[in-house]
Amino acid sequence: MMAWYEGDKSAPEVIVAAALDGIEAHRPEVLADDWSRQVKAWLSEDPDVIYREAAAALTT
């Protein structure tokens, strides 16, 4: 899903470990990295803020 993205990415083993830990802890949601936590935080924001901040994050 992120093959096009050339920036830093989390290592697959880090994501898998977070997912398995979440499953083991019966968490309904796993936010495995800073980017997913930021996206989750944006969900309650005004869409203009979301698009502006996301664009800035993807271009740095």
Side-chain angles (χ1 to χ4, degrees):
M1 288 175 42
M2 292 295 291
W4 60 270
Y5 182 68
E6 295 182 13
D8 292 335
K9 299 180 210 173
S10 298
E13 56 272 14
V14 170
I15 302 301
V16 170
L20 293 175
D21 289 346
I23 291 168
E24 186 175 79
H26 303 284
R27 289 189 204 120
E29 179 176 55
V30 175
L31 303 174
D33 58 13
D34 289 339
W35 177 249
S36 59
R37 284 185 283 279
Q38 180 63 55
V39 170
K40 174 73 175 185
W42 281 333
L43 293 177
S44 63
E45 293 283 342
D46 178 307
D48 289 335
V49 173
I50 295 170
Y51 296 129
R52 184 175 53 250
E53 291 183 8
L58 289 172
T59 58
T60 57

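Numbering of residues begins at 1 and proceeds along the displayed sequence.
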Could you list the donor-acceptor pairs under 3.5 angstrom formed between side-chain atoms of residues 10-31 and any protein atom two or more places apart in sequence or on another chain?
{"residue": "Ser10", "atom": "OG", "partner": "Asp33", "partner atom": "OD2", "Å": "3.4"}
{"residue": "Glu29", "atom": "OE1", "partner": "Lys40", "partner atom": "NZ", "Å": "3.2"}
{"residue": "Glu29", "atom": "OE2", "partner": "Lys40", "partner atom": "NZ", "Å": "3.4"}

Within 6.0 angstrom of Asp8 CG, more than 12 heavy atoms from elsewhere: no
Atom pair CD (Gln38) and CG (Leu43), whose distance is rounded to the nearest 0.5 Å: 10.0 Å
Taking every non-hydrogen atom, the tightest pair across Trp42 and Ala54: CH2-CA, 3.5 Å
Hydrophobic cluster identity match, Val49 and Leu58, side-chain contacts under 4.5 Å: no
